[in-house]
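Inspection log for the structure reproduced underneath, given as C-alpha cells.
Computed over heavy atoms, backbone and side chain alike; hydrogens, waters and symmetry mates excluded. Numbering of residues begins at 1 and proceeds along the displayed sequence.
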Amino acid sequence: MKNTKVIFMGTPDFSVPVFKMLIEETDVVLAVTQPDKPVGRHHELKPTPIKEVALENNIPIFQPKKIKEEYEKILNTPCDIIITCAYGQIIPEEILNYPKLGCVNVHASLLPKYRGGAPIHWCLLNGEEKTGVTIMYMDKGMDTGDMISKKEYVIKKTDNVGILHEELSKIGAELLKETLPSIIAGTNERIKQNNDEATYAYNITRKEERIDFSRTGLEIQNQIRGLNPWPTANFLVNNEEFKALEATFEKKENTTPGTVREITKDAIGIDCIDGVIYLTKIKPFGKKIMNVKDYLNGVKKETILNWVINE
C-alpha cells in the first residue's frame with residue numbers, strides 16, 4: 001500500500017488514529033482539515049488535531065473555509081484515493097468523482113443506523129446495546145453510499161461518549177487497515193444500504209442537554225452518559241445551571257419528579273417518573289467538576305433539599 005497516494009480529510013481527535021495509520025501504511029500527499037479556531041480568553045488560534053499531526057510529519061495541509069467553494073487544490077493534487085473521517089463539511093461531487101479508487105469514509109456507526117454528525121452520542125442516548133464502525137464509499141447523500149466493511153462493538157454499561165469515542169476511533173483505524181488492500185485491488189464488496197432501516201444522528205442541541213426529570217430513570221441515565229464529557233447534560237437549580245456527569249438509578253414508587261428525595265454521603269437523589277436518579281458527579285454553576293461527595297462538604301443539606309429545579 002506504500003505506493004498508494006492518499007488525500008486525507010479529517011478534523012477532530014477521533015480521526016487521528018486513522019490518519020496516523022495511513023501515514024504509516026500509505027503515501028499521504030495532502031491533509032485537508034477545518035480552519036484553525038480561536039479558543040480561550042485570548043481567542044488564540046488553535047490548529048485542529050489533524051493539522052498538528054500533519055505538521056509533525058511534513059504533510060502538506062489545506063484548510064478551506066468552505067470546501068464547496070474552494071477545492072481546486074485537491075483536484076490539482078494527484079492521488080489514487082480520498083479517505084475521510086469526521087471532516088465536518090459536506091464534500092462536493094467534484095471531489096467525490098476525482099480519485100480513480102473513489103472517496104472512502106470511516107463512519108462511527110453500523111450503517112444505515114445513525115447517519116449524520118453525532119452517531120456516538122445518539123447510540124448512547126437511545127440506549128443501544130451495540131454500535132461499531134462502517135467503511136463506506138461516499139456519494140452525494142449524507143452517509144448513504146455503498147458499504148464495504150463493518151466491525152461491531154458491544155456497548156458496556158460504564159461507557160460514555162468519551163470512552164466510546166476512543167474505542168471506535170481505534171476500531172476505525174484497524175478496520176480501514178484491514179479493508180484498504182481489497183479497495184486498492186478492486187476486490188472489495190459493495191453493499192447497498194437499506195434506506196428503510198436508516199436513522200439520522202443530528203448534531204446535539206441545547207434541547208438534548210437539558211434533563212427532564214419527568215422522564216424515566218433509564219432515559220435520564222442514558223442522557224447523562226450519552227453527553228459525558230461533552231457537551232454534558234444539565235438542569236437548572238434556582239435558575240443556575242448544574243451539569244450532571246455521572247449518576248445511578250433506582251426504581252421507587254410514589255415519586256415527585258424534579259424534587260430532591262434524599263442525600264447520601266456521596267450522592268444527591270432526585271425523583272424521576274419511575275424512581276430516583278442519584279447524581280454522583282456534577283459541575284455546579286461557576287465551579288469545577290467534582291464528586292458529589294466533595295460538593296456536600298461545602299453545602300448544607302437543607303439548602304439542597306430545598307432546591308427548586310426549573311424546567
Side-chain angles (χ1 to χ4, degrees), residues 1-67 70-91 95-96 98-108 117-120 133-136 138 149 151 153 161-181 183-184 229-231:
M1 295 195 294
K2 255 306 184 190
N3 294 326
T4 303
K5 294 187 181 300
V6 174
I7 293 177
F8 179 74
M9 303 178 71
T11 297
D13 288 323
F14 182 84
S15 49
V16 167
V18 170
F19 187 36
K20 287 183 174 179
M21 182 279 294
L22 290 171
I23 292 170
E24 291 179 5
E25 301 293 333
T26 69
D27 180 14
V28 180
V29 293
L30 182 67
V32 184
T33 189
Q34 297 272 48
D36 297 354
K37 289 189 176 180
V39 296
R41 185 180 302 173
H42 301 293
H43 300 286
E44 294 180 5
L45 289 177
K46 179 178 174 58
T48 70
I50 288 302
K51 181 177 181 179
E52 290 178 343
V53 175
L55 288 170
E56 291 169 2
N57 290 274
N58 298 312
I59 293 171
I61 299 161
F62 181 41
Q63 294 179 275
K65 188 174 181 180
K66 293 182 179 180
I67 191 73
E70 186 183 357
Y71 51 79
E72 287 302 318
K73 185 173 179 64
I74 294 173
L75 302 187
N76 290 329
T77 303
C79 74
D80 299 304
I81 189 170
I82 292 175
I83 295 173
T84 72
C85 180
Y87 172 56
Q89 293 190 48
I90 301 295
I91 297 172
I95 294 175
L96 298 179
Y98 172 55
K100 65 181 182 181
L101 295 177
C103 288
V104 170
N105 182 44
V106 181
H107 184 74
I120 299 176
V133 174
T134 304
I135 309 296
M136 55 170 288
M138 298 183 71
S149 60
K151 183 170 281 189
Y153 173 84
V161 162
I163 294 170
L164 206 51
H165 185 276
E166 187 172 339
E167 292 292 333
L168 293 183
S169 68
K170 293 176 185 174
I171 290 172
E174 293 166 0
L175 182 59
L176 181 63
K177 184 176 179 179
E178 294 170 7
T179 307
L180 255 183
I183 296 173
I184 293 167
W230 67 88

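Taking the side chain as every heavy atom from C-beta outward, Thr84 and Val106 never approach each other to under 4.5 Å. Between Cys79 and Tyr98 the shortest side-chain heavy-atom distance falls below 4.5 Å. At least one side-chain heavy atom of Tyr153 sits less than 4.5 Å from a side-chain heavy atom of Leu164. Using a 4.5 Å heavy-atom threshold, the side chains of Thr26 and Leu180 count as touching. The shortest distance between side-chain heavy atoms of Ile82 and Ile74 falls below 4.5 Å. In this structure the side chain of Ile23 never reaches within 4.5 angstrom of the side chain of Phe8, judged on heavy atoms. Side-chain contact between Thr33 and Phe19 is absent, with no heavy-atom pair separated by less than 4.5 Å.
Ile67 CD1 to Gln34 CD: the interatomic distance, rounded to the nearest 0.5 Å, is 9.0 Å. Between atom NZ of residue Lys151 and atom OG1 of residue Thr134 there is a gap of 12.5 Å, rounded to the nearest 0.5 Å. The NZ atom of Lys51 lies 6.0 Å from the CD1 atom of Ile61; values are rounded to the nearest 0.5 Å. Summarising the geometry, atom CD belonging to Glu52 is positioned 9.0 Å from atom CG belonging to Asp36; distances are rounded to the nearest 0.5 Å. Residue Glu72 holds its CD atom at 10.0 Å from CD of Glu70, rounded to the nearest 0.5 Å. With rounding to the nearest 0.5 Å, the separation of OG1 in Thr77 from CD1 in Ile7 is 5.0 Å.
Enclosure of atom NZ in Lys100 is not indicated, since only 12 or fewer non-hydrogen atoms of other residues, nucleotides or ligands lie within 6.0 angstrom. By the 6.0 Å contact criterion, CG on Asn76 is enclosed, its count of non-hydrogen atoms from other residues, nucleotides or ligands being greater than 12.
A salt bridge is absent between Lys5 and Asp80: the closest approach of a Lys/Arg side-chain nitrogen to an acidic carboxylate oxygen does not fall below 4.0 angstrom. Between Lys170 and Glu166 a salt bridge is recorded (basic side-chain N to carboxylate O distance below 4.0 Å).
Of all non-hydrogen atoms in Val104 and Met138, the two that sit nearest each other are C-CG, 4.3 Å. Annotation for Pro78 and Val29: closest pair O-CG2, 3.8 Å, computed over non-hydrogen atoms. Residues Ile120 and Leu168 approach most closely at CG1-CD1, 3.9 Å, considering heavy atoms. Heavy-atom minimum distance, Leu96 versus Cys103: CA-SG, 3.6 Å. When all heavy atoms of Leu175 and Thr179 are compared, the pair lying nearest together is O-OG1, 2.7 Å. Residues Pro12 and Ala86 come closest through the heavy atom pair CD-O, 2.9 Å.
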Go through the steps to decide whether Val28 and Ile83 satisfy the test side chain to side chain contact (heavy atoms under 4.5 Å, CB included), and finish with yes or no. CA-CA 10 Å; Val28 180; Ile83 295 173; over 6 Å; no
Report the C-alpha distance between Asp27 and Val6 in whole Å, list the side-chain angles of each, state the deciding distance to 0.1 Å, and finish with yes or no for side chain to side chain contact (heavy atoms under 4.5 Å, CB included). CA-CA 6 Å; Asp27 180 14; Val6 174; over 6 Å; no
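The aromatic rings of Trp230 and His165 sit perpendicular, their planes meeting at an angle over 60°, well past the 30° parallel limit.
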